[in-house]
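All chains are named by letter (A, B, ...) in the order of the sequence lines, taking the proteins before the strands, and each is independently numbered beginning at 1.
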Amino acid sequence: MAAIKPSLAKGTRDFSPTEMEKRNYIFDIIKAVFAKYGYREIQTPTFENLQTLTGKYGDEGDKLIFKILNSGDYLAKAPGNLMEEKASAQLAPHIAEKALRYDLTVPFARYVVMHQHELTLPFKRFQIQPVWRADRPQRGRYREFYQCDVDVVGSDSLLNEAEFVLIYHEALSGLGLRDFTIKLNNRKILTGIAEVLGKPELIVDMTVAIDKLDKIGLEGVNNELLNRGFTAGDLEKLQPIIQLQGTNTEKAEQLRQVLASSPIGLKGIDEIETVLGYVEKLVGDTAVVNRFVELDITLARGLNYYTGCIFEVKTNEATMGSIGGGGRYDDLTGMFGLNGLTGVGISFGADRIYDVLEELGLFPNTAVLTTQVLISNFDKLAELYALPLLRKLRAAGVASELYPATAKLKKQLSYADAKKIPYVILIGEEEIASGLFSLKDMLTGEQRMLGETEVLSFLAPNA
RNA sequence: GUAGGUAUAGCUCAGUUGGUUAGAGCACUAGAUUGUGGUUCUAGGGGUCGUGGGUUCGAGUCCCAUUACUUACCCCA
């Protein structure tokens, strides 16, 4: 068999030991916060029935689902006419009945419906698993990436929304981020705006356009609105909304006036104000809230399913898309036949957070823990002589290893150096004769002769 | 799906209007140092210059095609 050139599938990455240690550092901090707020972990399968996933993410989203070819002679049962016509989209469900999960929310909805009789509502769960999307990779965008989702179903209390703001703040601060913005919006406000304009059916076009304010500026947004079916008169009404200024309270006040004729819009504002009120009480410091939380009506995401509050988090310390997002969906499980169950949740983009922490140099050294001590291996005699010490070190909880072959000391020390092992124990003729061990500090280069108990108490002072 | 950019050693990259045997740094191996790493010095291994075609006396260099990677748009974490 001819050797093939090794390569990674597009948009995927290997995680080497150092990277894994850093990734776990992120996951551990996020998990600890989730647990602290009462969420419990679940996992769902890597792949689901294709039917479970399609139709949940909009047309664009459906195209990005990785489908898994059926086993066996999958073309035998496929409709001939569709193959003749090369109708890929229609043919796909006939030859691919499974697909890789696209996010964690839809599998969670399926989970809730299937386990409804064993769940105590409200059910609070978190889930940290990879998801797959078949889009074109670019900076901060991968085809395989991890989401850290935390959701609660069966509770319509806005306390949940408020706690998610706290979770974001606590987790991101815990990771060392200092300047980020938790943006809040509400689907009902967007609906209200579209209503006031008399164009409720254009809500998606409207929000997609004004969402780009940061990127293409006011003029660009206005042009896009015109292209998407809005009139000059609509634009005029929209200007004060798009360019909303001031504190969160001031913004809410202005919106209240604009949306006076829209009951649903006013409800959205009520919700935002309630959430902000809870957040202030929970944080206990208005200045902190104003610094990290921002009412931003240009925020548009997940419009296919979000019905209430919408979240998005951006870091201001690095150029990166959003590092998290979420929202409320009133009918999370309706698509699986269980109506009237509301859900709200957020997600952390772990891979992007990793890139940001890397760029800002925020990974602590302790995130990269390794073997504490390496025992050298001079010859077979020393190797055997080392084994009891190795056993005692490990029994005392010291991460330790014996160099697995008789090799030049230079090579063994280089190994310790490359692996950043802080101590090396040298065992040769002298040590065997004296019964002492040479303990070398790799950082200072100092070397001492110690007895076994001294070695153990030095490397494991608390054991 | 649309539009750019890039492709030379394991990695990051030089390579002059087309001209002899394609280079550097890092990494690796060995020696200087037969029981001492990280610094230093010396030597060594490692290349069908992404692939296929074309122009030319001659192509890493120019042209065409193709593939892969990459950046941006759409969309999204």
Side-chain angles (χ1 to χ4, degrees), chain A residues 4-13 16 26 30 57-65 88-89 101-105 128-149 168 204 207-209 211-212 215-216 220 224 299-304 311-315 319-327 345-356 374 376-379 382 403 406-433 438-447 449:
Chain A
I4 50 162
K5 193 181 172 188
S7 62
L8 285 172
K10 196 191 299 188
T12 65
R13 297 147 300 157
S16 292
I26 295 175
I30 291 176
Y57 309 107
D59 291 342
E60 289 291 331
D62 280 0
K63 282 185 211 158
L64 300 181
I65 295 173
S88 307
R101 78 168 94 78
Y102 175 92
D103 72 355
L104 300 179
T105 304
I128 297 177
Q129 288 189 275
V131 302
W132 292 267
R133 295 187 189 178
D135 53 0
R136 285 198 132 88
Q138 50 190 265
R139 177 180 160 78
R141 177 185 293 187
Y142 306 99
R143 288 182 140 183
E144 176 183 66
F145 61 98
Y146 277 68
Q147 287 190 331
C148 311
D149 269 32
Y168 267 139
V204 170
T207 50
V208 166
D211 180 47
K212 295 179 184 168
K215 264 187 195 166
I216 60 178
E224 181 138 354
L299 173 59
R301 42 170 301 122
L303 291 172
N304 285 312
F311 302 93
E312 182 165 283
V313 185
K314 284 194 167 158
T315 170
T319 312
M320 182 59 74
S322 68
I323 55 174
I346 58 171
S347 180
F348 289 77
D351 304 82
R352 286 188 173 178
I353 291 172
Y354 181 101
D355 290 348
V356 171
L374 173 77
S376 72
N377 188 333
F378 276 117
D379 50 35
Y403 196 83
T406 299
K408 285 187 181 174
L409 195 54
K410 178 183 167 73
K411 195 173 167 67
Q412 302 190 32
L413 287 170
S414 295
Y415 172 82
D417 195 52
K419 212 168 162 181
K420 296 200 166 43
I421 299 174
Y423 297 100
V424 174
I425 291 171
L426 301 161
I427 302 174
E429 281 175 28
E430 290 171 33
E431 285 80 3
I432 295 176
S438 290
L439 179 72
K440 182 180 175 73
D441 182 326
M442 292 297 283
L443 208 62
T444 63
E446 284 169 26
Q447 200 166 315
M449 299 286 284

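- rA32(B): Watson-Crick or G-U partner is rU40(B), with both key distances under 3.5 Å.
- Taking for each of S322(A) and P137(A) the nucleotide of RNA chain B with the nearest heavy atom, the 5'-most of the two is the partner of P137(A).
- Here the side chains of K10(A) and R136(A) are not in contact, with every heavy-atom distance at 4.5 Å or above.
- The nucleotide rA3(B) finds its pairing partner in rU71(B), both defining distances of the Watson-Crick or G-U wobble pair being shorter than 3.5 Å.
- When distances are taken from the side chain of L426(A) to each of rA77(B), rG37(B), rU36(B), the shortest belongs to rU36(B).
- Under the Watson-Crick or G-U wobble criterion, with both distances below 3.5 Å, rC62(B) is paired with rG54(B).
- Among the protein residues, K440(A) comes within range of the nucleic acid bases, having at least one heavy atom under 4.0 Å from a base atom.
- Counting only heavy atoms from C-beta outward, the side chains of M442(A) and I421(A) never approach each other to under 4.5 Å.
- Among D351(A), D355(A), D135(A), the one residue that satisfies the salt bridge (Lys or Arg N to Asp or Glu O under 4.0 Å) test with R141(A) is D135(A).
- Under the 30°/60° scheme for interplanar angles, the aromatic rings of Y57(A) and Y102(A) are found to be tilted.
- Nearest nucleotide to the side chain of S414(A), out of rA77(B), rC73(B), rG37(B): rG37(B).
- One P atom belongs to rA43(B), the other to rG23(B), and the distance between them is 15 Å to the nearest Å.
- Straight-line distance from the CZ atom of F311(A) to the P atom of rC76(B): 18 Å, rounded to whole Å.
- A donor-acceptor contact under 3.5 Å is not formed by the side chain of Q138(A) with the base of rU70(B).
- For Q412(A) and rG35(B), the CD to P distance is 12 Å, given to the nearest whole Å.
- Nucleotides rG35(B) and rG31(B) are separated by 12 Å at their P atoms, to the nearest Å.
- Taking the C1' atoms as reference points, rC26(B) lies 25 Å from rU21(B), given to the whole Å.
- Nucleotides rU12(B) and rC28(B) are separated by 16 Å at their C1' atoms, to the nearest Å.
- In this structure, E431(A) reaches the bases: a heavy-atom distance under 4.0 Å links it to at least one base atom across the strands shown.
- If you check rC76(B) for Watson-Crick or wobble pairing at under 3.5 angstrom, you find it has no partner at all.
- In terms of phosphate contacts, K10(A) brings a side-chain nitrogen or oxygen within less than 4.0 Å of OP1 or OP2 of rC69(B).
- For the pair K408(A) and rG31(B), the criterion of a side-chain N or O lying under 4.0 Å from OP1 or OP2 is met.
- Rounded to the nearest Å, the gap between the P atom of rA22(B) and that of rG50(B) is 15 Å.
- To the nearest angstrom, P of rG37(B) lies 17 Å from CG of N377(A).
- The nearest heavy atom of RNA chain B to K212(A) and to R139(A) marks one nucleotide each, and the one closer to the 5' end goes with R139(A).
- Contact between the side-chain N/O atoms of Q147(A) and the OP1/OP2 oxygens of rA77(B) is not found at any separation under 4.0 Å.
- Taking only distance into account, the side chain of R141(A) meets the base of rC76(B) through a donor-acceptor pair shorter than 3.5 Å.
- Two rings, from F348(A) and Y168(A), have their centers less than 6.0 Å apart.
- Spacing between rG15(B) and rU20(B) at atom C1', rounded to whole Å, works out to 16 Å.
- Atom name C1', nucleotides rG46(B) and rC11(B): the rounded distance is 13 Å, in whole Å.
- Using the Watson-Crick or G-U wobble rule with both distances under 3.5 Å, rU17(B) pairs with nothing in any strand shown.
- Across the P atoms, rC62(B) and rG18(B) are found 8 Å apart, a figure rounded to whole Å.
- Remark: the D417(A) side chain and the rG38(B) base include no donor-acceptor N/O pair separated by less than 3.5 Å.
- Here the nucleotide nearest the side chain of R136(A), chosen from rU29(B), rU2(B), rG37(B), is rU2(B).
- When distances are taken from the side chain of E60(A) to each of rG35(B), rC75(B), rA77(B), the shortest belongs to rC75(B).
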